[in-house]
A.B. asks: 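Below is a structure I'd like to ask you about.
The figures that follow rest on heavy atoms only: side chains count, while hydrogens, waters and symmetry mates do not. Order of the sequence lines sets the chain letters (A, B, ...), proteins ahead of strands, with each chain counted from 1.
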Number of protein chains: 2
Amino acid sequence: MPAQFQTVQPVRAYQRVVEQVEEAVLTGALKPGERLPSERELMAQFGVSRSTVREALRVLESGGMVRSRPGDPHGPLVLPYSPAGLEKSMSRLAHLDQLSLAELLQFRMMVEGGAYLLAARLRTDAQLAEMRGALDAMERAVDRGPTAFSEADLAFHDTVARMSGNMLIIICSQVVHGVVLDMIAGKLQKAPDPRAVMAETLDHHQQALAAVRAGNGQLAADLARAKLYEYYADHLSSEERTALKWLVDGR
Amino acid sequence: MPAQFQTVQPVRAYQRVVEQVEEAVLTGALKPGERLPSERELMAQFGVSRSTVREALRVLESGGMVRSRPGDPHGPLVLPYSPAGLEKSMSRLAHLDQLSLAELLQFRMMVEGGAYLLAARLRTDAQLAEMRGALDAMERAVDRGPTAFSEADLAFHDTVARMSGNMLIIICSQVVHGVVLDMIAGKLQKAPDPRAVMAETLDHHQQALAAVRAGNGQLAADLARAKLYEYYADHLSSEERTALKWLVDGR
DNA sequence: AGTAATTTGTACGTATGTATC
DNA sequence: TGATACATACGTACAAATTAC
């Protein structure tokens, strides 16, 4: 085996501190709710200066792994895992990478389709009741305007995503839905008849709920994709529309 | 409208610096390849101490947004987007047992299915040739062992993902594939007959390529899901197997 | 090629507000 | 309430690294 050397970049002191703490959390040596030593003690344990310790703590803090408060004698708190980091990464991707609305909708079709497919199998009475409740909330929101309706709609889809039992679907659903709303912001209010649009959406969601209740995930997924297409098709170029239709028909 | 106050937590100085730089990058005011002012200039512009500037830079650096080198008179470099952060978040999720292999495979079925569906429509001769090339590379890798074969397999799937023309699919495909490999690292070498497994995988990929060439994305997607199921079913509990099968059949 | 200037990496000290006991 | 320990933020200093002349 030939020597296959790789380029190395200098490892900063703060990075080694971060790595050690991350390792401890990942291996379970440090559990959520437990405390890190105080900054002064950390500088002794790691043999680095206060600045280095603080830079490491800031990185861990921004990553959602610990939280340190001024004056807290117990030291930085180890936080339970939160998907906030994942969400932020995905939002950045969506905003940065010249992601087109068509790409987002394609992805959302895949995610929502999968969510319905799983939700229709895993459904419990409590979850169906939650869907029903979300639907009722949407109905009540019709009179409070498109913004409130949009929020209620998002809650409905979040419920379905959670019913799938798949963390990745839950997170992607939240993120993608949010980004799509960002991209379309304002364009929906310009609809000639907002109430008609909302009524139609409501009707579609009722059909989807019925399909999930009946255990027909395939139908619910098909409905969701078709609805997404007709709802957003106006905002797409003809090429984008064609590509999106492939996913609707092709499943 | 009643006063609806919310709890607020103190915003650290470094956070405001981070936010402003992130905003500049997100809005395109600061493009990859450009430079941030030096630390000393940043402390003047933001009106904070050098420690604060450095803490902010460390956070941005750990997020993969900038890179600063000692002695560089041009200041920190703004980096292009990289999915490294996404991958790290997802890996963490997986390692902390918040994410099961079954969830990852469900997600991968959705992503790969969508990729094939789109690839079969958008296919160009050059892309089909690239798939063919990736397949040939896999064939050559059979003799170099499971690790080399696995790498070639990853390249094949990456090609399909890129053919979809959807950045989200490309990134998710890379990330999820990588995490799955991490989770079952080593378990595949223990197969009684590695060559048989590789041959079977090769055969399946050839079928998928034929389906894409024929423009039958539905068939390619079905093949991919079925293959994923039989390939990883052994590593799942019976409940997880059942849930995974729902996605295979349901589509 | 070598030197000087600038920048980052790290360390240390200090003042101030804060949370806990 | 007071005492103590803590985090926050600022400032200074010096070594190491890089670039530019």
A.B. asks: Specify the separation, in whole Å, of atom CD of A/E39 and atom P of C/dC12.
C.D. replies: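 Going from A/E39 (CD) to C/dC12 (P), I get 15 Å.
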
A.B. asks: Take A/S51 and A/R12, find for each the nucleotide of DNA chain C with the closest heavy atom, and name the residue whose nucleotide sits nearer the 5' end.
C.D. replies: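 First, find each residue's nearest nucleotide; the 5'-ward one identifies A/R12.
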
A.B. asks: Checking A/E151 against A/F156 for the side chain to side chain contact (heavy atoms under 4.5 Å, CB included) test, could you report, in this order, the C-alpha distance in whole Å, the side-chain angles of both residues, the deciding distance, and whether it holds?
C.D. replies: CA-CA 9 Å; A/E151 278 172 28; A/F156 179 88; over 6 Å; no

A.B. asks: Return the value, rounded to whole Å, for the distance between atom CZ of A/R54 and atom P of C/dG9.
C.D. replies: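 The answer, rounded to whole Å, is 17 Å.
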
A.B. asks: Can you tell me the distance, in whole Å, between the CG atom of A/D72 and the C1' atom of D/dA7?
C.D. replies: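 Result: 9 Å.
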
A.B. asks: In whole Å, I'd like the distance from the CE atom of B/M43 to the P atom of D/dT8.
C.D. replies: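 It works out to 19 Å between those atoms.
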
A.B. asks: Respond yes when some side-chain nitrogen or oxygen of B/R50 is under 4.0 Å from OP1 or OP2 of C/dT7, and no when none is.
C.D. replies: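 For C/dT7, neither OP1 nor OP2 has a side-chain N or O of B/R50 closer than 4.0 Å.
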
A.B. asks: Measure the distance from CD on B/E41 to P on C/dT7 and round it to the nearest whole Å.
C.D. replies: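 B/E41 atom CD is separated from C/dT7 atom P by 8 Å.
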
A.B. asks: Atom CG of B/L36 to atom P of C/dT6: distance rounded to whole Å?
C.D. replies: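 Taking CG of B/L36 and P of C/dT6, I get 21 Å after rounding.
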
A.B. asks: Does D/dA17 have its OP1 or OP2 closer than 4.0 Å to a side-chain nitrogen or oxygen of B/R69?
C.D. replies: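 Checking B/R69 against D/dA17: no side-chain N or O falls below 4.0 Å of OP1 or OP2.
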
A.B. asks: For C/dA11, does either OP1 or OP2 sit under 4.0 Å from a side-chain N or O belonging to A/T52?
C.D. replies: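 Yes, because at least one side-chain N or O of A/T52 sits under 4.0 Å from OP1 or OP2 of C/dA11.
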
A.B. asks: How long is the line joining CD of B/Q15 and C1' of D/dA9, in whole Å?
C.D. replies: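 Checked: the CD to C1' distance equals 14 Å.
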
A.B. asks: Touch check for B/S38, heavy atoms < 4.0 angstrom, all strands: base, sugar-phosphate only, or nothing?
C.D. replies: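 Sugar-phosphate contact only.
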
A.B. asks: Within less than 4.0 Å of OP1 or OP2 of C/dT10, is there a side-chain N or O belonging to A/S49?
C.D. replies: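 Answer is no, no contact under 4.0 Å.
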
A.B. asks: Can you see if the side chain of A/R58 gets near the phosphate of D/dA9 - specifically, an N or O under 4.0 Å from OP1 or OP2?
C.D. replies: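 It does, given that an N or O in the side chain of A/R58 lies less than 4.0 Å from OP1 or OP2 of D/dA9.
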
A.B. asks: Between C/dT7 atom C1' and B/L42 atom CG, what is the distance in whole Å?
C.D. replies: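 My rounded result for the distance is 12 Å.
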
A.B. asks: Below 4.0 angstrom from OP1 or OP2 of D/dA7, is there any side-chain N or O of A/R40?
C.D. replies: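 Checking D/dA7 against A/R40, a side-chain N or O does come within under 4.0 Å of OP1 or OP2.
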
A.B. asks: Given 3.5 Å as the limit, does a donor-acceptor pair link the side chain of A/S164 with the main chain of A/V160, or not?
C.D. replies: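 It does not hold such a pair.
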
A.B. asks: So, is A/H74 near the phosphate of C/dT18, with a side-chain N or O under 4.0 Å from OP1 or OP2?
C.D. replies: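 Indeed not, no polar side-chain atom of A/H74 lies that close.
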
A.B. asks: Apply salt bridge (charged side-chain N to carboxylate O under 4.0 Å, His left out) to the pair A/R162 and A/D158, showing each step before the final yes or no.
C.D. replies: CA-CA 6 Å; A/R162 277 185 284 106; A/D158 192 51; 3.3 Å; yes

A.B. asks: If we count only N and O atoms by modelled type, under 3.5 Å, do the side chains of A/Y14 and A/E19 hold a donor and an acceptor together?
C.D. replies: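 Short answer, no.
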
A.B. asks: Considering only side-chain heavy atoms of B/V48, which listed nucleotide, D/dC10, D/dA7, C/dA11, is closest?
C.D. replies: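 Out of D/dC10, D/dA7, C/dA11, the nucleotide with an atom closest to B/V48's side chain is D/dC10.
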
A.B. asks: Start with the C-alpha gap between A/M163 and A/E130, add the side-chain angles, then the distance that decides, and say whether side chain to side chain contact (heavy atoms under 4.5 Å, CB included) holds.
C.D. replies: CA-CA 10 Å; A/M163 285 173 73; A/E130 197 180 340; 6.0 Å; no

